[in-house]
Number of protein chains: 4
Amino acid sequence: MGKLESNKKKKKNALYTTAFDLFTTKGIAKTTISDIVESAGVAKGTFYLYFKDKYDIRNKLISHKTGELFYDAHEALLQAHLTDFNDQIHFIVDYILTQLEKDHNLLVFISKNLAWGIFKGAFEEKITTETDEDYHFYQSFLDLLALSGRTFRSPELVLFTIIELVGSTCYSCILYSQPVTLEEYKPYLHDSIDALLNTFSEKGDVCP
Amino acid sequence: MGKLESNKKKKKNALYTTAFDLFTTKGIAKTTISDIVESAGVAKGTFYLYFKDKYDIRNKLISHKTGELFYDAHEALLQAHLTDFNDQIHFIVDYILTQLEKDHNLLVFISKNLAWGIFKGAFEEKITTETDEDYHFYQSFLDLLALSGRTFRSPELVLFTIIELVGSTCYSCILYSQPVTLEEYKPYLHDSIDALLNTFSEKGDVCP
Amino acid sequence: MGKLESNKKKKKNALYTTAFDLFTTKGIAKTTISDIVESAGVAKGTFYLYFKDKYDIRNKLISHKTGELFYDAHEALLQAHLTDFNDQIHFIVDYILTQLEKDHNLLVFISKNLAWGIFKGAFEEKITTETDEDYHFYQSFLDLLALSGRTFRSPELVLFTIIELVGSTCYSCILYSQPVTLEEYKPYLHDSIDALLNTFSEKGDVCP
Amino acid sequence: MGKLESNKKKKKNALYTTAFDLFTTKGIAKTTISDIVESAGVAKGTFYLYFKDKYDIRNKLISHKTGELFYDAHEALLQAHLTDFNDQIHFIVDYILTQLEKDHNLLVFISKNLAWGIFKGAFEEKITTETDEDYHFYQSFLDLLALSGRTFRSPELVLFTIIELVGSTCYSCILYSQPVTLEEYKPYLHDSIDALLNTFSEKGDVCP
DNA sequence: GATGAATGAGCCTTCATTCAT
DNA sequence: GATGAATGAAGGCTCATTCAT
């Protein structure tokens with residue numbers, strides 16, 4: 001990679017990094033392109049060499065950050081050597097909740113724009129890893145499922161339902177402690193997830 | 001009511017109506033106060049006589065519209081003469097989903113700003129009805145619960161969980177048909193609600 | 001005086017009082033007519049029954065407040081039974097400075113608009129006293145002068161020079177302690193006044 | 001100097017020039033930023049590139065114009081080859097009065113905002129001259145004093161007293177011919193200045 | 001006389017976007 | 001590719017003034 005090209009990448013990355021910082025700190029609406037380029041230390045015109053406008057860089061960031069979060073969760077799961085499918089799901093949910101509780105700004109940034117469509121986009125987004133392999137969360141989920149020997153009426157709808165439930169309730173609990181704190185809500189959440197998994201399971205074999 | 005006072009109310013209502021129309025049509029961010037007053041046929045200064053800014057009128061509209069929706073659902077429920085608690089919950093959910101599917105703009109408007117805090121605020125908002133009684137949805141929910149003879153580990157968390165689940169999944173299904181259409185998702189949704197109600201029920205007597 | 005008429009006077013006085021308070025507190029530029037009528041507890045239209053605009057009420061207040069200050073100084077002088085003219089001038093200057101140092105807002109209000117023209121207008125303004133006699137400071141000054149047996153090249157210019165000197169230097173000393181505090185400046189001020197009085201005195205008989 | 005940079009300076013200067021014209025013509029309060037940029041022939045946003053608001057450009061103009069006036073007076077003094085300190089002071093006063101009488105707008109503009117603090121700021125302002133030396137009026141005053149061999153109780157207070165006296169009386173005489181015209185007042189003014197200089201002189205050797 | 005809702009001209013300020021360098 | 005001065009449309013908001021009641 002030539003020096004010039006690397007310089008190019010450096011500027012683009014600076015824009016990404018500062019944009020994310022500002023979006024999560026001041027909010028997207030109140031972040032101006034002037035803010036971004038000033039913090040990034042590049043000229044205003046440079047921004048337009050890489051992005052169409054503020055929403056272009058925002059969308060790219062959301063996909064990237066969401067994918068990264070799930071990728072990390074999956075990596076951690078591999079280290080945990082869990083074999084039970086339910087346990088794996090709970091592990092991933094807990095991992096993500098822990099991350100989000102550590103970083104409220106990230107939660108706001110991701111959730112405000114969280115819809116299944118974007119989520120799925122994020123899952124399918126190539127997460128370029130150090131080994132340059134692409135990572136797709138949705139495929140990983142299906143893999144876990146296959147290994148578990150479990151079958152569901154509609155795997156996609158199970159995942160959809162759980163993700164929406166988790167995202168939606170935890171947004172409120174983490175950010176506003178409404179109606180209760182995340183710590184208080186977690187037991188109910190995991191019970192709810194179990195209930196959903198059982199309901200959608202084709203062999204109703206896990207009714208406790 | 002004097003002529004002056006009725007005129008005053010007329011202007012305020014015109015602002016409410018046009019603001020809602022514009023918010024749901026063009027989105028809040030792209031609606032300017034100039035747009036609102038122009039459509040409402042009042043002067044700019046008049047807006048500031050009644051509202052602090054754009055977000056003031058938005059918040060008041062959200063509370064009002066959300067409260068109205070639940071109030072209508074509850075009214076319809078009373079006509080339906082259902083006695084089973086689960087049936088009642090399903091009825092309300094169906095009623096609201098039907099309304100929202102009929103009015104995507106309302107769905108967008110309400111959901112984009114839907115958090116339990118606001119929701120509860122809306123529930124507690126006095127919906128002044130034609131009979132001048134106040135209506136509080138949350139209290140109605142507790143009343144239904146009491147009549148049913150059922151008990152839950154935490155009634156508030158049940159309601160919270162169901163509302164978040166319904167709101168979040170249906171937003172995606174209705175607006176984007178993602179991952180499936182509302183019609184396709186409904187059976188899963190109702191199964192999920194049953195699963196949750198059973199799980200939180202203190203006497204696990206409804207496991208089907 | 002009829003009840004209605006007294007009510008009328010009451011409103012006008014309320015406007016005067018609150019306008020002065022607001023002018024001295026927030027400054028004239030930042031005081032709006034809305035502020036005034038709101039604090040005064042009268043309707044907006046009422047303001048326009050008595051005053052042309054903000055500057056009308058301001059000008060009337062300046063004349064009144066300035067005249068009042070000199071009237072009070074003169075009253076105090078009468079109690080002091082001083083016979084020497086120089087002493088009388090020093091007494092009045094000290095009296096006024098003391099008042100202004102006690103009330104910086106009054107100083108700002110008066111001085112910002114202090115020019116000999118307005119000053120003289122204030123002097124000539126009828127200060128309606130409790131005995132309903134009119135009071136004119138400039139005439140009093142001439143009276144003092146006549147009684148003293150002193151003569152000046154131009155009495156009016158002496159007064160003008162002294163008032164401008166006092167007003168201008170003390171504004172700076174009182175409000176900003178620039179270049180020194182009023183207390184530090186006073187000895188120089190009184191020496192300066194003596195020097196001016198001697199210089200303008202037709203018989204240079206007071207050179208110390 | 002690059003073409004771009006010279007263009008930049010040109011715009012800024014255009015703003016300064018037109019702002020000063022408008023401020024002195026219509027008054028600061030009635031001059032809007034729209035007026036300024038329109039007259040200057042630049043876009044509105046350009047104004048905010050160089051100044052924070054109307055008062056920012058005003059303050060910068062006051063300092064600059066005041067400093068310039070004193071600088072010019074001092075330059076003229078050097079040409080006049082006067083050796084006596086009193087003569088030098090009278091020369092400077094006359095020079096400045098002549099300038100101000102020629103340019104009432106400048107007088108209004110400077111005086112309305114004249115306080116010792118600002119004055120001193122203006123004196124200390126670097127007046128970048130064609131020879132690129134800095135000029136400080138207050139220091140020049142001290143230099144003149146030192147050369148004269150005279151000593152005063154407090155040089156700063158002498159200067160303060162004289163400047164306030166001159167500024168304050170002449171404002172009235174020049175602008176309103178109140179109580180007399182400047183021409184009529186000048187003899188009294190110079191006598192007053194002499195009286196003050198003598199009074200503050202540590203060796204009372206100049207009593208005429 | 002008194003009211004105060006309504007007006008709307010007009011101000012300040014921001015900021016995405018362009019383009020000559 | 002990179003710059004950043006310049007733009008000017010557009011928005012938010014204020015407030016003196018009016019006039020029907």
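Basis for what follows: all heavy atoms, side chains included, without hydrogens, waters or symmetry-related copies. Letters A, B, ... are given to chains in the order of the sequence lines, protein chains preceding strands, and every chain is numbered from 1.
Counting to the nearest Å, the P atom of dC11(E) and the CD1 atom of I28(D) are 17 Å from each other. Computed from coordinates, the F47(A) CZ to dC15(E) C1' distance equals 13 Å when rounded to whole Å.
You'll find the ring centres of Y16(D) and Y50(D) outside the 6.0 Å limit.
Listed for the K11(B) side chain is no donor-acceptor partner under 3.5 Å among the backbone atoms of T46(B). Not a single donor-acceptor pair under 3.5 Å links the side chain of S39(B) to the backbone N or O of I36(B).
Within the 4.5 Å cutoff, side-chain heavy atoms of V37(C) are placed close to those of L15(C).
A salt bridge does not link D35(B) with K30(B): every distance from a Lys NZ or Arg NE/NH1/NH2 to an Asp or Glu carboxylate oxygen is 4.0 Å or more.
For V42(D) and V42(A), each mapped to the nucleotide of DNA chain F holding its nearest heavy atom, the one lying further toward the 5' end belongs to V42(A). When each of A43(B) and K44(A) is assigned the nucleotide of DNA chain E with its nearest heavy atom, A43(B) is the one assigned upstream, toward the 5' end. In terms of position on DNA chain F, the residue among K52(B) and T46(A) whose nearest nucleotide sits closer to the 5' end is T46(A). Residue whose closest nucleotide on DNA chain E sits further toward the 5' end, between T31(D) and D53(A): T31(D).
A close approach under 4.0 Å does occur between a side-chain nitrogen or oxygen of K11(C) and OP1 or OP2 of dT3(E). Close to dA6(E), at under 4.0 Å from its OP1 or OP2, lies a side-chain N or O of Y50(B).
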Secondary structure string for DNA chain F (Watson-Crick or G-U under 3.5 angstrom, | for other-strand pairs) = .||||||||||||||||||||
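Interface residues of residues 13-22 of chain A facing DNA chain F, ordered by number: none; criterion, heavy-atom separation under 4.0 Å.
In this structure, a donor-acceptor pair under 3.5 Å is present between the side chains of K44(B) and S34(B).
F20(C) carries K65(C) over the face of its six-membered ring, with the cationic atom under 6.0 Å from the centre and within 45° of the normal.
Between atom OG1 of residue T18(C) and atom CZ of residue F23(C) there is a gap of 9.0 Å, rounded to the nearest 0.5 Å.
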